[in-house]
Structures are given as C-alpha cells and as structure tokens.
Amino acid sequence: MKFSIIIPVYNVEKYLKKCLLSLLHQTYSDFEVLIIDDGSTDNSIKIINEYTKNDFRFSIYEQVNSGQASARNNGIRRAKGDYILFLDADDYLALDALRKLSNKISQSSSDVISFNCIIDHGIIKKKSILNDGFHGHFNAIKDSSILTVPSNSWARIVKRELLLNNNIYFNENVMYEDIGFTIKVMAYAKDVLFIDDCLYFYVQRPSSTMHTNSIAKKEAILSTCRQVLETQKRDLILLKYNTEVEYILVNIILFVLLPSINAIDYNSQIQYEFVDFILKEFPNILENSYFKNKKKKLKVLLSYNFKGYHYRFNILNSLKKKIHI
C-alpha cells in the first residue's frame, strides 16, 4: 500500500464532508485512511460512517479525548502504507494529490516529499509557498537550511519507516506539536524532495487551534520551545543543527507570536517572558546568519520596545498601502 492518510477528528461536523469527498474522489486509489476520533461529542462519527461505510479503505478508531498529537501517534502506530500523510479534518486535498505524489515516488523514493498549499478563506483562495524557494532534492547534511521551512506536518508526506526506525512521534504534552516533529523529520531524512505543486487546501476557520487569538494559546508555544530544546540536547543528530533550531524558535516567537499578542494586549507580561526566554537560551542570537536581513527588527524587539516597534510597523504599513508600495 502506497499511502496512509491520518485524520484526527474532534467535533468538526461542519467541515468533514469536504475533507472526505476530497479523498473519495482521488484520481489514485492505493491508499488507506485512518480516522482517529478523539472523543467527539457532535455528529462527526455519524457523518464519517455515512460517507465511508461502503469503502474498505476507511477505518475509524476511537480514543478518549487526548489531543491531536495523541491521535496522530495512534495513526502512525496503526498505519500500513509506505508513506504517511497527515490531513486535518477541516482541510482537504487536491483531487490529483496522491496521483502526483505517487508519480514523484516512482521517479525517486525520497524519504520526504514537501509541497505547497492553497489557503482557503472561503470565497477567496490564495496560493501559499511553503517551500521557501527550495526545489528538487536536498538533505540536511548538504544544506541544513531545509530545516527552516515552515513546520506544518501536513505539508509533506513522510516514509513510515523513517518515523518508526528513528522513533519519531509527536510530543503529546504540548500544543503546536508540529514544530518538534518536523524539525526531527527533516534532520533525519536522507532525501527530501521539494515540489512546487499545491496539493493541500488549508482552511482558515476562527475556532481552530492555530487561529484562536488568546494569550493562553500563545503562551503555550513557550512550553513547546522548551520541549524542542530538551529533545535536541538528548539527540546527537539534532545537536548538529543548533543554528537552525535557534532560528526556527526565535523566528516563531518574535515575528509570529509577539505581533499577535501585541494586538490583543500591549501590556501582556507574556511578551517579556518570551524575550527573557530568548536572551537566556540564545544569548548570541544576533550572530545567527539566518537573521542577517532581520537584524534591525530583532534588536528592537529584544530591547523590549514592543509598543514603539509595532506602532512604527503599523504606520509604515499604512503608508505603503497609500502609496501602493
């Protein structure tokens, strides 16, 4: 069997139909779907049974509510396919996604194939380039910068034996578990193929984990960062990539999380906790080569001048829009 598609499900009755239809109508048929129900209390299971009851490729496994990471790990342990693809229940695949991936595999059996996506805002759909300019075959030994591509676990397929042989699973004790998982996958893979195709539709919905704009959700990333660092200290392979891990964590904290926290509460103490964490764990961050084009912003943010920075940032953006820069 070529593909195992793992779908964690938890109270997503409004979105499941589109997800399931994108699998049922694939132009390639050699795959299994492992649906891990994480204790849903809505009609999710009813909808899944309605659409898949006559298709032997779909299996449903129920577990006590334990979180998305636990559900994905459950799927990894049950999977039988050569490659694993993680699909969120509120997203969906391009109808020719598996056929295109199968063709790429037949040309060269890469450990990982990384692809781009379409962000689905409803009426508006926008192409998102996740591969950061990479195209073709790479590995971390020859080009360690591949570790810095966005850490979405669903943006790639991974050989099942790569995960099992290297004991690569999602950490179940943190949120945003994709970060540590993807870093390890990209570090251990001997061959990573980057393709330009947009094979995944990422649906933006306000109630999802990634888009719930609360201080508590943002604060959870700090635990994830600590966990990634602890894992790295015990892993001889990951220890080779200090510069990349440093860049990944600091970039997420300063340029993704802090602006969103600032939009909620200028005076939130978590902003200072984030910066304290960075200064303690990465005292030489300004020397990191990946930040050479962001050094000025980095210095401002690390000086705790959040209000001044974001005020100037917002004014500058407004001016750019007015003069169409």
Side-chain angles (χ1 to χ4, degrees), residues 1-12 16 19-20 23 26 28-40 44-45 48-49 52-53 55-91 93 97-98 101-102 105 109-114 151-192 200 209 223-224 227-228 230-232 234-235 237-238:
M1 186 182 300
K2 191 67 67 71
F3 300 106
S4 291
I5 301 169
I6 298 172
I7 309 177
V9 169
Y10 180 71
N11 291 351
V12 283
L16 266 172
C19 176
L20 295 173
L23 297 174
Q26 282 293 309
Y28 181 87
S29 61
D30 187 19
F31 65 89
E32 65 171 353
V33 181
L34 297 94
I35 298 170
I36 314 297
D37 177 58
D38 191 37
S40 295
S44 293
I45 293 298
I48 293 166
N49 283 324
T52 68
K53 62 183 179 182
D55 195 322
F56 70 92
R57 296 173 299 177
F58 290 75
S59 302
I60 303 172
Y61 302 96
E62 297 186 37
Q63 65 176 40
V64 176
N65 181 248
S66 307
Q68 181 170 258
S70 172
R72 285 172 168 173
N73 287 339
N74 191 347
I76 292 172
R77 295 184 184 101
R78 295 177 182 275
K80 298 175 182 176
D82 298 326
Y83 286 83
I84 288 177
L85 185 152
F86 299 101
L87 175 60
D88 288 349
D90 49 357
D91 299 334
L93 293 182
L98 298 183
L101 289 168
S102 177
I105 292 167
S109 55
S110 301
D111 292 325
V112 178
I113 301 179
S114 183
S151 58
N152 317 91
S153 61
W154 44 259
R156 51 191 52 85
I157 58 170
V158 184
K159 264 188 181 177
R160 181 168 62 96
E161 66 178 20
L162 175 71
L163 301 181
L164 299 181
N165 291 347
N166 297 290
N167 197 33
I168 302 176
Y169 293 93
F170 292 91
N171 189 292
E172 299 182 13
N173 302 312
V174 296
M175 295 181 66
Y176 307 101
E177 66 278 358
D178 282 24
I179 299 171
F181 178 85
T182 304
I183 289 173
K184 196 166 184 180
V185 164
M186 298 298 270
Y188 274 79
K190 294 179 180 178
D191 183 84
V192 179
Y200 193 101
T209 301
S223 296
T224 301
Q227 177 266 321
V228 170
E230 286 302 311
T231 299
Q232 185 193 21
R234 301 189 303 267
D235 191 306
I237 298 294
L238 294 182

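Heads up: numbering here begins at 1 and tracks the sequence.
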Side chain to side chain contact (heavy atoms under 4.5 Å, CB included) between Ser4 and Arg78, worked out = CA-CA 9 Å; Ser4 291; Arg78 295 177 182 275; over 6 Å; no
Does a side-chain heavy-atom distance below 4.5 Å link [X] with [Y]?
X      : Y      : answer
Leu164 : Tyr169 : yes
Ile183 : Thr231 : no
Phe58  : Leu20  : yes
Val174 : Ile179 : no
Ile60  : Asn49  : yes
Ser153 : Glu177 : no

request  = Before accepting this row, confirm whether a basic side-chain N of the pair Asp88/Arg72 lies closer than 4.0 Å to the acidic partner's carboxylate O.
outcome  =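 Looking at Asp88 and Arg72, the cut-off is met.
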Exam field: side chain [X] to backbone [Y], donor-acceptor pair closer than 3.5 Å:
X      : Y      : value
Lys2   : Leu101 : no
Asp235 : Leu238 : yes
Ser44  : Val12  : yes

Passing candidate, side chain to side chain contact (heavy atoms under 4.5 Å, CB included) with Ser66, options Asp38, Asn73, Ile36 =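 Single pass found, and it is Asp38.
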ask   = Knowing that exactly one of Ile48, Leu34, Leu23 qualifies, which makes a side chain to side chain contact (heavy atoms under 4.5 Å, CB included) with Ile7?
value =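 Going through the options one by one, the only one that passes is Leu23.
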Minimum heavy-atom distance between [X] and [Y], given as atom pair plus value:
X      : Y      : value
Leu162 : Ile168 : O-CD1, 4.0 Å
Ser40  : Val9   : OG-O, 3.5 Å
Ile237 : Ala187 : CG2-O, 4.0 Å
Ala69  : Asn171 : CB-O, 3.5 Å
Phe86  : Tyr200 : O-CE1, 3.8 Å
Arg156 : Ser151 : NH1-C, 4.2 Å

request  = Step by step, work out the side chain to side chain contact (heavy atoms under 4.5 Å, CB included) result for Ile105 and Asp82.
outcome  = CA-CA 10 Å; Ile105 292 167; Asp82 298 326; over 6 Å; no
Once rounded to the nearest 0.5 Å, what's the spacing between atom [atom1] of [X] and atom [atom2] of [Y]?
X     : Y      : atom1 : atom2 : value
Leu98 : Phe31  : CG    : CZ    : 6.0 Å
Ile76 : Arg160 : CD1   : CZ    : 11.0 Å
Cys19 : Asp91  : SG    : CG    : 7.5 Å

query = Stepwise, does the side chain to side chain contact (heavy atoms under 4.5 Å, CB included) test hold for Val185 with Leu163?
reply = CA-CA 8 Å; Val185 164; Leu163 301 181; 3.9 Å; yes
request  = Report yes or no: is the cationic atom of Arg57 (NZ for Lys, CZ for Arg) closer than 6.0 Å to the six-membered ring centre of Phe3, at no more than 45° off its axis?
outcome  =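 Geometry flag: not set, cation outside 6.0 Å or 45°.
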request  = Ignoring hydrogens and angles, state whether a donor on the side chain of Gln227 or Ser223 is under 3.5 Å from an acceptor on the partner side chain.
outcome  =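 There is no such pair between these side chains.
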